[in-house]
Amino acid sequence: MKVLWLQASGCGGCTMSALCAEAPDLIDTLAAAGVEFLWHPALSLASGGEVTRLLQALEAGEIALDCLAVEGAIARGPMGTGRFQMLSGTGRSMLDWVRALAPKAAHVVAVGSCAAYGGVTSAGGNPSDAVGLQYDGAHPGGVLAAGFRGGLGLPVVNVAGCPTHPGWVTETLMLLAKARLTEADLDSLGRPLFYAQHLVHHGCPRNEFYEYKASALQLSDLGCMMEHLGCVGTQAVGDCNIRPWNGEGSCTRGGYPCIACTAPEFEEPRHPFTETPKVAGIPVGLPADMPKAWFMALASLSKAATPERIAKNAVAPRVAVTPTIRKPGGRR
């Protein structure tokens with residue numbers, strides 16, 4: 001499968017993340033699956049006139065385009081011209097190129113939440129009028145129409161994340177190359193289910209504290225960050241804690257709350273990322289798959305049953321109380 005990768009309005013962080021793929025690395029993984037880049041702005045040697053001629057040949061249908069991958073949001077400004085971001089040397093905007101090439105592609109992939117939904121690029125007043133490929137925030141219809149389909153029938157595949165996990169990128173491209181990704185394998189927002197069927201909460205190293213509702217009070221504490229520090233891992237999709245970055249890292253493992261970066265409009269939660277909005281002391285955002293009444297009843301019981309070790313460690317920057325191993329017969 002031949003992939004054309006374009007970088008639009010964004011930080012390039014999804015490419016940086018993808019390059020952190022390990023055992024094997026990004027290039028070896030894709031090569032083994034028969035995936036190759038026609039051009040990638042950070043990885044390919046071709047530049048200038050060579051790239052312009054390639055783009056023109058793809059647009060004319062002289063070269064088959066198996067997959068168009070776009071990283072970063074698409075700037076539509078000013079006034080719908082897209083000229084806030086020109087594709088250097090071509091005299092045409094990125095907006096124009098994406099709209100010209102997407103219908104030629106067998107598949108279109110949005111790499112990262114900016115390309116998928118607008119993401120951080122569209123935050124604030126959004127002066128560049130940046131949107132995602134097939135979504136404007138949570139609303140269908142971005143640069144491409146809500147009903148857009150690639151040449152082989154799929155909508156835009158949204159590999160959302162900020163940045164997206166290297167495994168999500170490589171698995172998506174490999175599944176497309178082997179014709180193993182269908183529309184049934186995407187969720188309602190176009191995200192591949194192989195990672196979107198999980199919650200960030202799954203595998204979180206702070207789950208013992210969560211079970212007892214033993215909460216951290218500041219970012220350096222070991223406890224659960226849901227109650228006070230804005231963590232939405234129980235609502236956000238992603239397998240970040242099941243297969244962490246580089247085998248080690250995730251936001252919650254690094255001591256920072258999950259901010260649901262795989263979701264549309266995560267960039268503007270209307271409150272500080274590290275604060276939990278509450279009504280009458282009750283967090284507004286509760287676990288996605290649990291009724292509020294159940295959660296409150298279980299939370300009360302859990303807090304009442306919290307072991308001293310967990311209660312003290314939750315508000316400490318390191319383990320303050322170690323587990324006590326009981327011997328047979330109840331003796332310590």
Side-chain angles (χ1 to χ4, degrees), residues 3-15 37-42 44 46-63 65 67-151 154-160 162-164 189-190 264-265 267-268:
V3 179
L4 173 69
W5 185 300
L6 299 178
Q7 286 182 323
S9 303
C11 66
C14 289
T15 287
F37 290 119
L38 287 169
W39 185 68
H40 185 297
S44 300
S47 63
E50 298 171 282
V51 178
T52 300
R53 288 189 290 274
L54 170 65
L55 295 173
Q56 292 170 342
L58 290 168
E59 183 180 21
E62 297 167 1
I63 298 175
L65 179 55
C67 179
L68 172 64
V70 179
E71 174 185 0
I74 307 298
R76 296 183 298 188
M79 297 174 17
T81 65
R83 295 185 67 82
F84 276 150
Q85 185 179 27
M86 306 295 287
L87 187 51
S88 182
T90 68
R92 294 166 62 179
S93 67
M94 182 66 73
L95 172 69
D96 188 34
W97 276 113
V98 169
R99 284 178 170 165
L101 294 174
K104 306 288 184 180
H107 300 295
V108 178
V109 175
V111 182
S113 291
C114 287
Y117 312 119
V120 172
T121 309
S122 65
N126 195 10
S128 67
D129 193 20
V131 295
L133 290 179
Q134 202 168 12
Y135 279 86
D136 182 355
H139 307 288
V143 167
L144 305 175
F148 170 85
R149 293 292 184 273
L154 285 180
V156 175
V157 179
N158 291 322
V159 190
C162 189
T164 189
L189 290 167
E265 301 173 2
E267 66 278 358
E268 298 200 77

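Legend: salt bridge (charged side-chain N to carboxylate O under 4.0 Å, His left out) pairs involving residues 115-130, not counting sequence neighbours, sorted by first then second residue: R76-D129. For residues 99-123, no pair satisfies salt bridge (charged side-chain N to carboxylate O under 4.0 Å, His left out), with sequence neighbours left out.
Aromatic ring orientation, H40 versus W5: tilted (interplanar angle from 30° to 60°).
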Using residues 51-61 as the side-chain source, report each donor-acceptor pair under 3.5 Å to any protein atom, sequence neighbours left out, with the distance given to one decimal.
{"unit_1": "T52", "atom_1": "OG1", "unit_2": "G48", "atom_2": "O", "d": "3.3"}
{"unit_1": "E59", "atom_1": "OE1", "unit_2": "R92", "atom_2": "NH1", "d": "2.9"}
{"unit_1": "E59", "atom_1": "OE2", "unit_2": "R92", "atom_2": "NH2", "d": "3.1"}

Inset, instruction - List the steps, then state whether side chain to side chain contact (heavy atoms under 4.5 Å, CB included) holds for T164 with V111. - result: CA-CA 7 Å; T164 189; V111 182; 3.9 Å; yes

Legend entry - Pair L133-F148, side chain to side chain contact (heavy atoms under 4.5 Å, CB included): steps then yes or no: CA-CA 10 Å; L133 290 179; F148 170 85; over 6 Å; no

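Residues V70 and A8 come closest through the heavy atom pair CG1-CB, 4.4 Å. Across all their heavy atoms, A160 and Y117 have their closest contact at CB-CE1, 3.7 Å. Taking both residues in full, the closest heavy atoms of G80 and L95 are given as O-CD2, 3.6 Å, listed atom of the first, atom of the second, then distance. When all heavy atoms of P78 and R83 are compared, the closest pair comes out as CD-N, 4.0 Å. Across all non-hydrogen atoms, the minimal contact from P103 to V98 is CD-O, 4.4 Å. Nearest heavy-atom pair across A130 and A73 is CB-CB, 3.9 Å.
Side chain to side chain, E71 and T15 meet the donor-acceptor criterion of an N or O pair below 3.5 Å.
A side-chain donor-acceptor contact under 3.5 Å links Q134 to the backbone of A145. Between the T121 side chain and the C114 main chain, no donor and acceptor come within less than 3.5 Å of each other. With hydrogens and angles disregarded, no donor-acceptor distance shorter than 3.5 Å links the side chain of S44 to the backbone of P41. With hydrogens and angles disregarded, no donor-acceptor distance shorter than 3.5 Å links the side chain of E267 to the backbone of A123.
Once rounded to the nearest 0.5 Å, the distance linking CG of D96 with OG1 of T90 reads 8.0 Å. Note that CD1 of I63 is 10.0 Å distant from CG of L4, once rounded to the nearest 0.5 Å. To the nearest 0.5 angstrom, S113 atom OG is 11.5 Å from E265 atom CD. How far OG of S122 is from CD1 of I74: 12.0 Å, rounded to the nearest 0.5 Å.
With a 4.5 Å cut-off on side-chain heavy atoms, P140 and Y135 count as touching. Looking at heavy atoms from C-beta onward, H107 lies out of side-chain contact with V157 at the 4.5 angstrom threshold. Taking 4.5 Å as the limit, some side-chain heavy atom of V109 sits within range of a side-chain heavy atom of C67.
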